[in-house]
Structure formats: C-alpha cells, structure tokens
Number of protein chains: 2
Amino acid sequence: MPRSADLTRKCILEAAYRLFRRQGYSRVSMDEIAAAARLTKRTLYYHFRSKDDLLARVLEAQHELALQAFQSFADQMTGSAEAIVEAMFRELAVWVDKPRWAGSGFTRLVIELADLPGHPARTIARRHKAQLERSLADLLGRAGIERKEELAREIWLLSEGAISLILVHGDRGYSAAAMRAARTLVRHHTEVPASTRTKRRYVQRRPSRTALAS
Amino acid sequence: MPRSADLTRKCILEAAYRLFRRQGYSRVSMDEIAAAARLTKRTLYYHFRSKDDLLARVLEAQHELALQAFQSFADQMTGSAEAIVEAMFRELAVWVDKPRWAGSGFTRLVIELADLPGHPARTIARRHKAQLERSLADLLGRAGIERKEELAREIWLLSEGAISLILVHGDRGYSAAAMRAARTLVRHHTEVPASTRTKRRYVQRRPSRTALAS
DNA sequence: GGAAGTAAATTCACTATGCAGTATACTTTG
DNA sequence: CAAAGTATACTGCATAGTGAATTTACTTCC
C-alpha cells in the first residue's frame, strides 16, 4: 500500500476543517479542499463518500480533540467553582482574540445546516455540545455546586451567546460581559443553597407577539 | 408605469427574507427567490444590483420591522425590570417554538458570512443588534436599573446563547434556562446597588490553551 | 375622449462559470 | 503480481448575471 491511508485521511480532515471553520460549508468546494490537502479531488472521493460525509467525519474528529482538550483543562482545575468559570472565560477571551477567528466550527456549521434536521453533521454536533455541557456540570459538581446541571447550562448559554455576539459585532468586549454575568450566576448558586429560586412571578399585560423576531 | 415598483420590491424582499431565514444565504438561489415572488429572475436584477445587494436590503427592511416590534413591546412594559425581562424571555420561548423555526434571521445570516467582514449585510446586522441592545438598556433604565448597559448586555448574551443552543440541540429547554439565569442577573442588579462587583479574583494555575476551541 | 408617445417594469432566452461527483488509467508498496 | 492509493480528464447540472425585445400605464396633445 502506498502512502499510508491514515496519514492521507488525517491530512484531508485537517485541511477540510480549516476551510469549513473559516468559510462555512457551502462556500468551500471539494476542489479547494483537495488543493489545500495537496491532493486531487478524486483522492478525496476515494476516502470519503461525499462532501456531506466528509463534513460529518471532520466534526467527529474535532469532537474528539475538543473533548480531550476540555478534559485536560478540567483535570487541571481544582479550585472553587468561581475560579473554574473565570478560567473558562479567560480561555474564551484568548480564543476569540485570534486574528482570523470566525466562530466556533461546530456552532457555525450547525447553524448553516439549521434547516436540515436529518443531516449527520447535526447529530454529531448535538452530541458534542451535550457532552461538553455534561463535562462542565461534572466539573462544577466536583467544586461543590449542588445544582450543577442548572449552572452548567447557564454558563454554557453565556459562552455561546458571547461567541455569537462577538461574531456579529466584532466587539470582543462581550467576553468580558459574559464573564461578569457568569461570576454573578456562580455566586448565586454558591451563596443561595437551593431555595427562593422558583417563586411565582407576576405577569405584565400581554406583550406583542413579534417583539424579538429579529 | 406598470405594476407599481414599490409593491414588487416589497414582494421580492418578503419572499427573499422567508427563504434566507429558512435556508441561509448561499443555499438559496435567485431563481428560487424569483419563483417565490412570482417573477422572473431578470426582474430581480432590475430592482436589485446583485444577490448581495438584495440580502443587504432584506436585512435593512427586517431591521425596521424588528425595531418597531421591540418598541411597541417596550411601550407596553411599565413594571419592574424583573417583569420586563421575564416577558422578554416568554416571548423568546413562544418564538422559538414555531414549527419551522430556523434561528434568528440576522444571527444566522451574519454567522454564515462571518469571514467576510466587508459585506454590507454585516454592517447592517451589527447596527441592528447594537440598536436593540440600546433599546433594552433604555427600557431597563426606565425601570430603575442603574447599570442598565451592563445588564442589557448580559441579558442579550443569554438571549443569543439560547437561540444558538436551541438551534444546535433542538431542545427548547434552553429558553427556560436563559430566563432563570436572566432573573438571577436582574435580581443581582437590583438588590446589589453598585458595589462588590469588581473584586479581585484569585487565579488558578495556567490553563491549557485550547480547551474551548470547539 | 382617444390616439400616440414614453419610460418604467417585466419577460424570454442566453452565457459563462463553478462545482459535486465519476470513468479510467497509472503508480506505489507489500 | 495484486491491491491500495493517486492522477488526469471528463459529465452534467445548478446558478449568478445579462442582452434585447415586449408589455404596461401614465402623460400629452389634438
């Protein structure tokens, strides 16, 4: 067998991920990927059935890497929940500050395919986000948070929101705001044990239907 | 002059928005838009210079509508900040529950064009989000919040995060989590006037660089 | 009132290009 | 040699954008 197939596949996956992450799915052609991987298109189709298949495999590979990275981050973290969350958002700030940053690969690709619920890439992305959220919850649990799932989800919301808004505005200040909000939420979860949470709220007169339909 | 041009333009804009919102930018063809508007493609090019131009105009039009909708929502709101924010997230929950919902048109389109900072659509979307954030801050200010810009930004982060995650997961539960978090943040901003906010935090040993690079 | 003029609005038919995917032949290595 | 891997050259289709004719409704002048 000439030129180990594994190497070729890895090379293709990496080149494809770089392009997909920067330019999304449909705006990247198989020819471009082939060129970036220094191969011909035909070789791509030898290793992957189709463009959609390639995307799915790319996301799978990135899922592994990201999960590993998060685990190694989590393993280093032993302090308070507040310290953990601060470290997370510091990482986020560093990450989004990269010069040609163009959003989370997963989020970006899934949003592009938002109207194709059956697409394999979506399934993988869903699993990915779910698993990361669970890992964060575990980490928070180890730091003594009681309602760890709740907090993890809230933190995750802030992080995704920051990514999205930084992308829209180009204003990196959102990561600072997210960190500040996250700090508040963590404190609330540590200081207030588990009560005064689901109090009945009074309701304003019925609001217009489309206020947020932006 | 045959068939008032204004009407035709409106019709095109509406058809284009419906398609763009559902399927994104690149996966919608001018032919499809023309068909949806019951016109020929050539007519589209009579009214709009290019596909990119059309997109920009579509977003401009939606900007007007969304802003108006938010204002009419804001004008009805007179209660406490907490009530306002709750109403907002209730709206969000209703909105994302629409059967064929596929994300905020703005967010979705801007993310698709994330690597094209010069695109006119991006400029418009940026202005849009900024203006809505400012309107929310005003509303919160009127409800007695002191650091209204801070809170508005935090709320906005939660809302964008929810949209993004609901899109990825298909799990509408995120809007409930966002509302819960928002409630916490509002309370923090009302109960704690404006202190104990920027305390020095202790730092964990340096975290790995790529933990969040998903 | 109506014919003729006119410019806006719209259509049909077309070009050119880009792209996913393929048929087939060649090359490398065990 | 044989099988895994790679390259050249191609098909067919979708799509952004265009050239030129044609229709439409409003104005002007008799």
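Just so we're on the same page: letters track the sequence lines, and every chain starts at 1.
A salt bridge is absent between B/Arg108 and B/Glu112: the closest approach of a Lys/Arg side-chain nitrogen to an acidic carboxylate oxygen does not fall below 4.0 angstrom. Between B/Lys129 and A/Asp171 there is no salt bridge, since no side-chain nitrogen of the basic residue lies less than 4.0 Å from a carboxylate oxygen of the acidic one.
Put simply, OH on A/Tyr45 is 13 Å from C1' on D/dT11, counting in whole angstrom units. The distance from atom CG of B/Leu44 to atom P of C/dA8 is 19 Å, rounded to the nearest whole Å. The separation between A/Leu7 atom CG and C/dT28 atom P is 17 Å, rounded to whole Å. The distance from atom CD1 of A/Ile12 to atom P of D/dG5 is 11 Å, rounded to the nearest whole Å. Regarding A/Tyr46, its OH atom lies at a distance of 13 Å from the C1' atom of C/dT28, rounded to whole Å. Atom CG of B/Asp53 and atom P of D/dG17 are 10 Å apart (whole Å). Between the CG atom of B/Leu39 and the C1' atom of D/dT23 there is a distance of 14 Å, given to the nearest Å.
The distance from the CZ atom of B/Arg134 to the CD atom of B/Glu149 is 10.0 Å, given to the nearest 0.5 Å.
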Inset, instruction - Sugar-phosphate means primed atoms, P, OP1 and OP2; the rest is base. With that split, encode nucleotides 12-19 of chain C 5' to 3' as B, S or - using protein heavy atoms under 4.0 Å. - result: B------S
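Remark: A/Lys41 pairs with A/Asp31 by the salt bridge (Lys or Arg N to Asp or Glu O under 4.0 Å) rule, at least two apart or across chains.
Using a 4.5 Å heavy-atom cutoff, the side chains of A/Met30 and A/Leu54 are in contact.
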